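Below: one structure, written as structure tokens.
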There are 2 protein chains.
Amino acid sequence: MPATVDLERLLRSADLRVTRPRLAVLAAVHALPHADTDTLIAAVRAESGDVSHQAVYDVLKALTGAGLVRRIQPADSVARYESRVGDNHHHVVCRSCGEIADVDCAVGEAPCLTATNDAGFVIDEAEVIYWGRCPRCTTAASDLQ
Amino acid sequence: MPATVDLERLLRSADLRVTRPRLAVLAAVHALPHADTDTLIAAVRAESGDVSHQAVYDVLKALTGAGLVRRIQPADSVARYESRVGDNHHHVVCRSCGEIADVDCAVGEAPCLTATNDAGFVIDEAEVIYWGRCPRCTTAASDLQ
DNA sequence: ACCTCTTCTTGAGTCAGTCAAGAAAAGACT
DNA sequence: AGTCTTTTCTTGACTGACTCAAGAAGAGGT
């Protein structure tokens with residue numbers, strides 16, 4: 001996990017003011033990849049005292065807009081955030097427990113896949129979500145038999 | 001769009017009872033691909049008189065569970081439904097207006113993509129969402145310049 | 001025609017996320 | 001350093017998609 005100085009530099013390089021809530025949120029996203037907003041709020045408060053949920057929402061929106069964090073939102077899940085940005089990787093989601101893991105992009109640069117028939121759309125990104133079962137849930141399911 | 005008799009057959013083949021709300025919802029999903037729940041509720045009521053929103057939610061859940069319709073939910077969008085199932089096609093979503101179009105799967109059968117590093121997950125489906133701009137929004141954006 | 005089980009209606013409730021207005025803090029400029 | 005301006009944070013109310021629960025209605029088997 002990057003040191004506070006590095007996080008400050010990150011914020012400044014994105015033309016964002018350096019504030020306590022922003023540092024705390026950025027640190028929390030680095031420390032807890034794929035965490036949802038509630039988890040992040042709890043982590044921020046544990047480290048940095050009282051911070052309103054609204055501030056965390058605002059900060060996450062600002063960080064997402066600046067490209068410092070990435071927002072992911074699989075179907076039937078609340079929004080989650082991660083600090084790994086710019087490498088066009090994908091995710092695998094467990095249908096049973098909702099756990100998310102990173103998957104490297106097999107193809108290369110974004111959009112990484114070209115649609116055969118793009119319906120006239122100008123495509124800039126291909127988001128891939130693999131659905132399946134995590135190791136723990138696979139084991140648990142086969143134990144039942 | 002399939003005739004009512006075909007929709008009835010579809011329901012029976014999935015071991016679902018044939019009711020007026022179910023026929024109306026199924027017809028609406030066929031008539032309005034990628035429609036959200038509100039649009040479907042309006043369509044159902046226009047064709048079939050008063051139907052509670054709860055009934056439509058329940059029916060959509062039953063139809064989704066039976067595999068007669070597919071639920072799609074891009075980030076920042078409410079749930080949408082389509083009747084094209086079983087062919088593992090994908091979607092392209094307009095970042096500007098949210099319009100959705102179908103994209104045929106370039107690769108083949110589900111899961112259609114194999115992750116290079118699957119983190120131990122057992123993967124059964126790869127869901128691909130292409131992000132970009134629809135023809136109308138592309139034109140509108142270049143007109144501004 | 002009846003009975004049983006599933007489905008539909010009604011109405012209240014939940015929860016992630018948003019809006020709005022004022023208070024506070026960051027950074028710029030004397 | 002001290003002020004000023006702009007951006008950010010706090011507080012608290014609100015929105016809207018979706019869910020829960022209990023009783024009424026309808027479907028299909030006997």
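Numbered from 1 within each chain, the chains take letters A, B, ... in sequence-line order. Only a predicted model underlies this, so the values are computations on that prediction, with no experimental measurement involved.
For the side chain to side chain contact (heavy atoms under 4.5 Å, CB included) test, residues two or more places apart in sequence or in another chain that qualify with His89(B) are Arg70(B), Glu82(B), Arg84(B), Asp87(B), His91(B), Asp102(B).
To the nearest 0.5 Å, atom CG of residue Leu63(B) and atom CZ of residue Arg22(B) are 7.0 Å apart. Interatomic distance, CG of Leu7(A) versus CG of Leu26(A), reported as 4.5 Å (0.5 Å rounding). Of the inter-residue distances, the one linking Cys134(A) atom SG with Arg95(A) atom CZ reads 13.0 Å to the nearest 0.5 angstrom.
Between the C1' atom of dG26(D) and the CZ atom of Arg22(B) lies a distance of 11 Å, rounded to the nearest Å. Nucleotide dC8(C) holds its P atom 10 Å from the CG atom of Leu11(B), rounded to whole Å. If you measure from atom CZ of Arg12(B) to atom C1' of dT6(C), you get 15 Å, rounded to the nearest angstrom. Between Asp38(A) atom CG and dT14(C) atom P there is a gap of 16 Å when expressed in whole angstrom units. Whole-Å rounding puts the Leu16(A) CG to dC9(D) P distance at 10 Å. Counting to the nearest Å, the P atom of dC9(D) and the CD1 atom of Ile41(A) are 13 Å from each other.
Proximity note for Pro21(B) (side chain, C-beta onward) versus dG27(C), dC8(C), dT10(D): the nearest is dC8(C). Comparing atom distances between the Thr37(A) side chain and each of dG28(D), dG17(C), dT8(D) picks out dG17(C) as nearest.
Here Arg20(B) lies out of heavy-atom contact (under 4.0 Å) with every strand. If you check every strand for non-hydrogen atoms under 4.0 Å, Asp50(B) touches sugar and phosphate atoms only. Nucleic acid contact class of Thr19(A) (heavy atoms, under 4.0 Å, all strands): sugar-phosphate only.
A salt bridge between Asp124(A) and Arg133(B) is absent, with no side-chain N of the basic residue lying under 4.0 Å from a carboxylate O of the acidic one. Using a cut-off of 4.0 Å between Lys/Arg side-chain N and Asp/Glu carboxylate O, Arg71(A) and Asp76(B) are scored as salt-bridged. Under 4.0 Å is where a charged nitrogen must lie from a carboxylate oxygen, and between Asp6(B) and Arg9(B) at least one such pair does.
Within the 3.5 Å criterion, the main-chain N or O of Ile129(B) finds no donor-acceptor partner in the side chain of His90(B).
For the residue pair Arg80(A) and Ser77(A), a side-chain donor N or O sits within less than 3.5 Å of a side-chain acceptor on the partner.
In this model, the phosphate group of dA25(C) is not approached by any side-chain N or O of Arg17(A) to a distance below 4.0 Å at OP1 or OP2.
If you check residues 65-84 of chain B against DNA chain C, you find no residue with a heavy atom closer than 4.0 Å. Contacts between residues 53-61 of chain A and DNA chain C, counted as heavy-atom distances below 4.0 Å, involve His53(A), Gln54(A), Tyr57(A).
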